[in-house]
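Below is one structure, written out as C-alpha cells; the observations come after it.
Throughout, a chain's letter reflects where its sequence line sits, starting with A, and its residues are numbered from 1.
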Number of protein chains: 2
Amino acid sequence: MTKYLDEIREKVKEYLPPKVRVKSIEFEGPQLVIYVENPQELAEVDIVKKLAKDLRKRIIIRADPKSLKPPEKARQIIMQIVPEDARISNIFFDEENGEVIIEAEKPGVVIGKQGSTFREIMRAVGWSPRVVRTPPIKSKIIDNIRNYLLSVREERSEILKRIGERIHRTSLIDEKWVRVTFLGGSREVGRSCYLLQTPESRILIDCGVNVSNLSSTPYLYVPEVQPLDALDAVVITHAHLDHCGLVPLLYKFGYRGPIYLTPPTRDLMVLLQLDFLEVAGREGTNPPYSSNLIREALKHTITLDYGVVTDISPDVRLTFYNAGHILGSAIAHFHIGEGHYNIAFTGDFKFEKTRLFDRAATNFPRLEALVMEATYGGPNDFQPSRKEAEERLIEVINRTLDRGGKVLIPTFAVGRSQEVMIVLEEAMREKRLRETYVYLDGMIYEATAIHTAYPEYLNAQLRDLIFYHGINPFISENFVRVDSSSKREEVISDPSPSIIIATSGMLNGGPVMEYFRHLAEDERNTIVFVGYQAEGTLGRKIQKGWKEVPFPVDGRREVVEVKMEVETVDGFSGHSDRKQLMNYIRYLNSKPEKVATVHGDESKCIDLASSIYKTYRIETRAPMNLETIRFV
Amino acid sequence: MTKYLDEIREKVKEYLPPKVRVKSIEFEGPQLVIYVENPQELAEVDIVKKLAKDLRKRIIIRADPKSLKPPEKARQIIMQIVPEDARISNIFFDEENGEVIIEAEKPGVVIGKQGSTFREIMRAVGWSPRVVRTPPIKSKIIDNIRNYLLSVREERSEILKRIGERIHRTSLIDEKWVRVTFLGGSREVGRSCYLLQTPESRILIDCGVNVSNLSSTPYLYVPEVQPLDALDAVVITHAHLDHCGLVPLLYKFGYRGPIYLTPPTRDLMVLLQLDFLEVAGREGTNPPYSSNLIREALKHTITLDYGVVTDISPDVRLTFYNAGHILGSAIAHFHIGEGHYNIAFTGDFKFEKTRLFDRAATNFPRLEALVMEATYGGPNDFQPSRKEAEERLIEVINRTLDRGGKVLIPTFAVGRSQEVMIVLEEAMREKRLRETYVYLDGMIYEATAIHTAYPEYLNAQLRDLIFYHGINPFISENFVRVDSSSKREEVISDPSPSIIIATSGMLNGGPVMEYFRHLAEDERNTIVFVGYQAEGTLGRKIQKGWKEVPFPVDGRREVVEVKMEVETVDGFSGHSDRKQLMNYIRYLNSKPEKVATVHGDESKCIDLASSIYKTYRIETRAPMNLETIRFV
Ligand SMILES: [Zn+2]
Ligand SMILES: [Zn+2]
Ligand SMILES: [Zn+2]
Ligand SMILES: [Zn+2]
Ligand SMILES: [Zn+2]
C-alpha cells in the first residue's frame with residue numbers, strides 16, 4: 001500500500017506543473033485525493049483528466065486547508081461571482097474536505113461555460129466547489145440525508161480513508177477464478193442477495209428482504225459471507241426492498257465496509273427502509289433492525305453515477321449502467337483482473353423505453369457472464385405494449401370521470417406512481433383527458449420529490465421537456481399532495497370527480513385502504529389495478545371480482561360491499577416481459593458465454609434459462625439458493 | 001450436552017440390571033463408553049446391544065480402572081483360559097482404556113463360541129479384551145502404527161473426549177438443507193476433495209494430492225472450509241494419494257478434529273504418505289509436510305468397519321460400504337437429520353467382482369443423492385472382462401517363461417499388485433502356469449502384509465480359501481521379497497526365468513527402473529503393462545513401441561535399447577468401466593434423485609452425467625471445482 005502510494009506520488013509529480021505545491025496524497029474510498037496548497041494553479045482540468053486516465057483512478061483535487069478563505073468571506077465572494085439567475089438557494093461548507101457545497105436551481109450557471117465560473121470560484125476562495133441542484137419539489141428525505149452526512153463528516157472521512165486503504169491493498173494470490181454464491185432471490189422473488197468472489201475479493205450484490213415473510217432472510221450465516229467484515233463491498237442495484245431491505249442488518253452483524261449505489265438509489269433506499277420500519281411498527285411485527293442502523297448504513301454509502309468506472313477492491317472495478325426499472329436502478333458491471341473476466345448483474349430491468357427511463361443498457365465494453373432477472377421469464381409472460389396500456393388507462397379514467405365518479409389507483413410509491421403521473425399530465429396537457437385534480441397520498445409525493453432532484457437519471461425526452469421546454473410534469477398544478485387525514489376526508493367527501501393515486505399497491509395497508517372503504521360502495525367510481533396483485537392480498541380478491549370483501553377496521557373485520565367498477569390495466573410493469581428478456585440477450589453488444597437466471601418463480605427461471613440456451617446456444621443455469629456457480 | 005448425557009444416564013439405569021455398578025458414562029469420539037465396576041455382570045451382550053439400538057449409539061462397556069487385575073497377573077490368567085491353538089503372539093495392556101489387546105493367529109479361538117471365552121477373560125481379569133489377528137506376514141507399518149497409538153494413548157483419550165463432546169453438542173439451527181462444495185477432483189483426476197454441508201455440520205470427504213503437480217492442491221483457502229478447525233470431520237474413502245495425500249496438511253493449517261476411515265485404509269494411508277515423502281525427498285522436490293504431521297493425523301484417526309452406523313456430528317451419521325476398489329476402500333454414506341436426506345460418495349469403486357473384493361455395495365437403506373467417480377465415464381471406455389484379462393496375462397507369461405525369459409510387471413504397490421499375485425498363485429496351483437519365483441520389489445511386500453492382516457476385507461471366496469482351506473495365496477512360497485540392491489542384482493543376474501512385480505507402475509521411479517534397464521536389451525524378456533500409462537511417462541513411451549528410450553542414471557541421461565517384448569493387458573483396473581458405471585445406477589436398490597459425476601476428465605464427467613440423465617431420467621450434474629450444488 002505505502003509502496004503503491006509512493007509510486008503514485010512519483011507519477012503525480014511528473015504530471016503536475018512544478019508551480020503546483022502538493023501537500024499530500026491520499027485514498028478516500030475509491031478516489032485518489034490530491035491536497036494542493038495553490039489549487040488555483042490546477043484549474044486546467046485536462047491535466048487532472050490525463051493523470052486519472054493514466055493511473056486508472058478517480059482523482060479529486062482539494063485545497064490545502066490553510067489556503068482557504070474564511071467561510072463568511074468565501075460566501076460573499078461566491079455570491080458576487082455567480083450570476084443571479086443561477087438562483088443559489090443555499091451554500092454550506094465542509095471543512096473536513098475543504099469543499100463548499102452550492103445548492104442552486106440552475107447548477108449549470110454556477111459551473112459556467114466549460115467550468116469557467118467553477119474555476120473562478122475555486123481560485124478566489126480556495127474551497128473546492130461542489131454544485132448541487134435545488135430540487136423543484138423540496139424533499140425532506142434528501143435534506144435529512146445531506147444534513148446527516150454533514151453531521152458525521154469527520155467519522156465518514158475516517159471511514160473513507162480505511163476503505164481506500166483496503167481497496168488498494170496489495171494482491172497476495174496469483175490464482176484466477178470467478179464464482180458467485182446465490183444467497184437469496186434465486187428461483188424466487190424477494191430477498192435478492194448474491195456473492196461475487198475471486199481469490200482476492202468478496203462482493204455482496206443486493207441484500208433484500210422478503211416483505212411477506214420477514215423470517216426468510218438471505219443466507220447470511222453461511223461461511224462464504226462470514227465474517228461479514230471481511231467483505232470488500234456491498235453493491236445495491238436499486239432501492240426496492242427486495243434488493244436493499246436488509247442492508248442495515250449487515251451493520252448489526254459486523255459489516256463496516258462501503259455500500260456502492262447510485263445517488264437516487266441512496267435516497268430512495270433510505271425512504272423505503274424508514275417506511276418499512278414504520279409499517280412494521282404499525283402492524284406490530286418486529287422489524288429486524290432499528291432506524292439507527294439505517295443511519296449507520298447511510299454513513300457507509302459511496303454514490304456512483306452511471307458509467308463511472310471505480311476500483312472497489314484490488315482486482316474488481318464496478319460500473320453502473322441504466323437498468324430502466326426505477327429511478328437510479330442500475331445494472332452492476334464488474335471488471336475482474338486486468339481484462340480477466342467481466343460479469344454483470346441486471347438487478348430488475350426493463351428492456352423497453354418508458355415514460356421515465358431509457359431502456360436498459362446493452363453496450364458493455366466486454367461481458368462474459370450475465371446474472372439476469374426472470375420475473376416474467378415464463379413462456380406466456382407477455383405484456384401489452386406501453387402505448388396500448390396508456391390508451392386503455394385513459395379510456396377507463398375518462399369513462400369514470402364522465403359519469404361523475406372517482407378513480408382510485410393503488411400503486412407502490414416508487415416507479416409506477418410516477419409513470420402514471422407522467423401519462424396523466426401529458427394526456428391532460430394534450431386534452432385527451434379531462435383536467436381534474438390528481439391526489440397523491442402516501443409516500444408517493446416524497447418519492448416524486450426525489451425524482452425531481454435527479455432529472456439526469458430520467459430519459460432524454462423527459463429531460464428535454466424539463467430543461468428546454470420548461471415543463472416539469474411532476475410539478476403540474478393538477479397534482480395535489482394529501483398529507484393529513486383531514487385532507488383525505490376532504491378528498492373523499494368532495495362530490496366532484498377526481499383521480500387518486502395512493503399506496504400500497506396491493507391494498508395490504510396504507511392510505512389506499514381508507515379511500516377504498518369509502519369509494520367501494522358507489523358504482524360510479526372505478527378502481528384500476530396497474531400492478532401485480534399477489535395471491536392472498538385484498539387487491540387480488542377485488543381484482544378477481546369478489547362482491548363483498550373482508551376489511552380490517554381498528555382490529556375488527558368489517559365487510560365492504562364492492563359496487564365500484566374494477567379494472568386491470570396491464571403493461572405498466574417495470575420488469576421486462578418474456579419477449580424483452582429474450583431480446584435483451586440478442587441486443588447485447590458483447591455476447592456472454594454464461595447466463596444465470598434469478599428473481600423469478602422456479603419454473604420461470606428454469607424456462608427462461610432453457611429458452612436462452614436453445615435460442616442462443618449460451619450456457620445457462622437457474623441456480624438454487626445456497627449454490628455456487630464457477631464462471632471461469 | 002450435559003442435559004443430553006443426563007438423559008442417557010437415565011436410560012442406561014433403566015436397561016442395566018441393578019447389580020451392575022456404573023461408575024461413569026462418557027462420550028469418546030462417536031462412542032458412548034460405560035465404565036462399570038463389575039463388568040463381569042454385564043457379560044450378557046444382548047442387553048448392551050438392545051441399549052445401543054434404543055439409544056442409536058455405539059456403546060462400549062469398560063471396567064472401572066480399580067477393578068482390574070495387575071497386568072502380569074492378568075497375562076497369566078489369559079494364557080491359562082485361552083486354548084493353546086489360538087496361538088497368542090502378543091498381549092499388551094492399554095491402561096487408559098482398561099483394555100487388554102490380545103494378538104493371536106486365530107482370534108476366533110480367543111473369542112470362543114458366541115463370545116464365551118471372551119467373556120470368561122473379562123470376568124477373570126477385569127480388563128476388556130480386544131482381540132487382534134496376528135498377521136501371517138509381519139507388517140512393519142502396522143506394528144509402528146499400533147505402537148505409536150499406544151504411546152500417545154493419553155493424548156488420544158483427551159482428543160476422543162473432545163470429539164465426543166462436539167459430536168453430541170446441541171443443535172441450534174432448525175433450518176434444513178444439504179449442499180456440497182467441490183474443492184478438488186472435479187472434472188479432473190487427482191486432489192479429490194469435497195465438502196458436505198448442512199446448517200449444522202461441515203464434513204470434508206477426501207483430501208488428495210495431485211502427484212504430478214504438487215502445487216495444485218484442493219481449494220482449502222476458500223471460506224467454506226475456513227477455519228479448518230470448525231470442520232466436524234474428515235472422511236477418507238480410500239488410501240490412494242489422490243484421496244488422502246494431503247490429509248496431514250490439514251493439521252498444519254489448524255484442523256484438530258477426527259479422521260474417519262476403515263482400519264485397512266488407515267494403515268495403507270500411512271504407508272503411502274510416508275512413501276510420498278520419501279519419493280519427494282529422493283527427487284529433491286519439496287514435500288508439502290513432514291512425517292510428524294503424518295503422525296499428528298494418525299493420532300486423530302477413528303476407524304470404522306463397513307456397515308457400522310456412526311454419529312459424526314449432531315445431524316450426520318456415517319456408514320462405510322465396500323467399494324471394491326482397493327483394500328478397505330469405502331463408499332461413504334451420510335444419513336442427514338432424522339430421515340431428512342441421504343447422500344453417498346462412491347470414492348473410486350469397482351462394480352465387478354475381482355480376485356480380491358466383492359463388487360461395490362448397492363444396498364443402501366435409503367439414498368437420495370450420489371456423488372460418483374467417472375474415471376472411465378467416456379462413451380468408449382469399455383474394458384475386457386477380468387476373465388479375458390487373466391487368460392491373456394497367463395498366456396503372455398507362459399510364452400516368455402517357455403523361451404527362458406523374465407517377465408517384468410510394473411505396478412502400483414496397492415491394489416493391482418495383489419490382484420496379479422492372486423492370479424499367478426492360482427494359475428500355478430492349478431498348473432496353468434509354470435511354477436516360478438515371483439519377485440516382489442518396492443512397497444508391494446509391505447502392502448501385501450497389510451492385506452493379510454485384514455482378511456475380513458477380502459471377498460468371500462478368498463476368505464473361504466484362507467480360513468477353511470488353509471490356503472493363503474499371499475504367503476505362497478513362490479513369492480519372494482526383494483528388499484536390498486544386492487538381492488535385486490541377484491534376481492537380475494540369475495539366468496533362470498522368473499516373474500518380477502515392481503513399483504512404480506508407470507516407470508517414473510522406483511525399483512522397476514533398475515529391472516527395466518537390465519532386462520530391456522534381451523529379446524527373450526517381456527514387460528507387461530497392466531495399468532494405465534499417463535502421457536509423458538517412460539511407461540507410455542515403451543508401451544507405444546519406442547525402440548530406444550531415454551533413461552535417467554545418476555542425474556545423466558542414457559539411452560536404453562528396447563528389445564524385450566512389450567505387452568499391454570487391459571482389464572485389471574480397480575475402476576468401473578463405462579458399462580459398470582451405468583449398471584451401478586441401475587442396480588442401486590434405492591434410486592437417487594440426483595447424481596453428480598467427479599474424478600474423471602472433463603468430457604468423461606459430462607458424458608457420464610448426460611448418459612445417466614438420458615437413461616434413467618435422474619437429474620445429473622458434472623460440477624466444476626469451486627462450485628456448490630444444493631441437494632435439498
Ligand atoms: Zn425492483
Ligand atoms: Zn426485485
Ligand atoms: Zn419490482
Ligand atoms: Zn483410487
Ligand atoms: Zn482416485
Side-chain angles (χ1 to χ4, degrees), chain A residues 172-184 186-188 191 194-204 213 215-232 341 369 593-594 596 598 602 605-606 610 619 621-632, chain B residues 172-184 186-188 191 194-204 213 215-232 341 369 593-594 596 598 602 605-606 610 619 621-632:
Chain A
L172 291 172
I173 302 171
D174 65 349
E175 246 179 312
K176 290 202 166 182
W177 47 259
V178 176
R179 59 180 198 156
V180 173
T181 301
F182 297 81
L183 299 168
S186 300
R187 299 196 182 187
E188 66 181 359
R191 59 167 174 167
Y194 315 106
L195 182 73
L196 173 64
Q197 300 159 81
T198 73
E200 199 66 60
S201 313
R202 285 194 271 173
I203 293 152
L204 200 70
N213 178 5
S215 70
S216 122
T217 64
Y219 292 90
L220 294 174
Y221 62 84
V222 297
E224 291 96 311
V225 242
Q226 290 294 340
L228 284 180
D229 201 32
L231 295 180
D232 289 276
Y341 204 73
E593 298 157 1
K594 294 192 186 184
V598 297
E602 177 158 23
C605 289
I606 292 173
S610 126
E619 193 184 327
R621 292 275 280 274
M624 295 168 77
N625 288 331
L626 288 175
E627 289 202 317
T628 301
I629 293 183
R630 168 129 174 224
F631 283 90
V632 72
Chain B
L172 291 171
I173 301 171
D174 65 349
E175 247 178 311
K176 290 199 168 184
W177 47 258
V178 176
R179 58 178 196 156
V180 173
T181 301
F182 296 82
L183 299 168
S186 299
R187 299 197 182 187
E188 67 181 357
R191 60 166 173 169
Y194 316 107
L195 182 74
L196 173 65
Q197 299 159 81
T198 74
E200 199 66 60
S201 312
R202 284 193 271 172
I203 292 151
L204 200 69
N213 179 4
S215 70
S216 122
T217 64
Y219 292 90
L220 294 173
Y221 62 84
V222 298
E224 291 95 313
V225 242
Q226 291 293 339
L228 283 180
D229 201 33
L231 295 179
D232 288 276
Y341 204 72
E593 298 157 1
K594 292 191 188 185
V598 295
E602 177 158 26
C605 290
I606 292 172
S610 126
E619 194 184 326
R621 291 274 279 276
M624 294 169 78
N625 287 331
L626 289 174
E627 290 203 316
T628 301
I629 292 183
R630 169 128 174 225
F631 283 91
V632 71

Inset, instruction - Drop me the distance from B:T628's OG1 to A:R630's CZ, to the nearest 0.5 angstrom. - result: 12.0 Å
Inset, instruction - Check whether B:F182 gets within reach of chain A through its side chain, its backbone, both or neither, counting any heavy atom under 4.5 Å. - result: neither
Inset, instruction - Go through B:E175, B:Q197, B:R202 and name the one with the most non-hydrogen pairs under 4.5 angstrom from chain A. - result: B:E175
Legend entry - Those residues that, when tested against B:E593, pass side chain to side chain contact (heavy atoms under 4.5 Å, CB included) (two or more places apart): B:Y341, B:E368
Legend entry - Under the side chain to side chain contact (heavy atoms under 4.5 Å, CB included) test, residues paired with B:V222 that sit two or more places apart: A:W177, A:R179, B:L183, B:Y219, B:E224, B:V225, B:L626
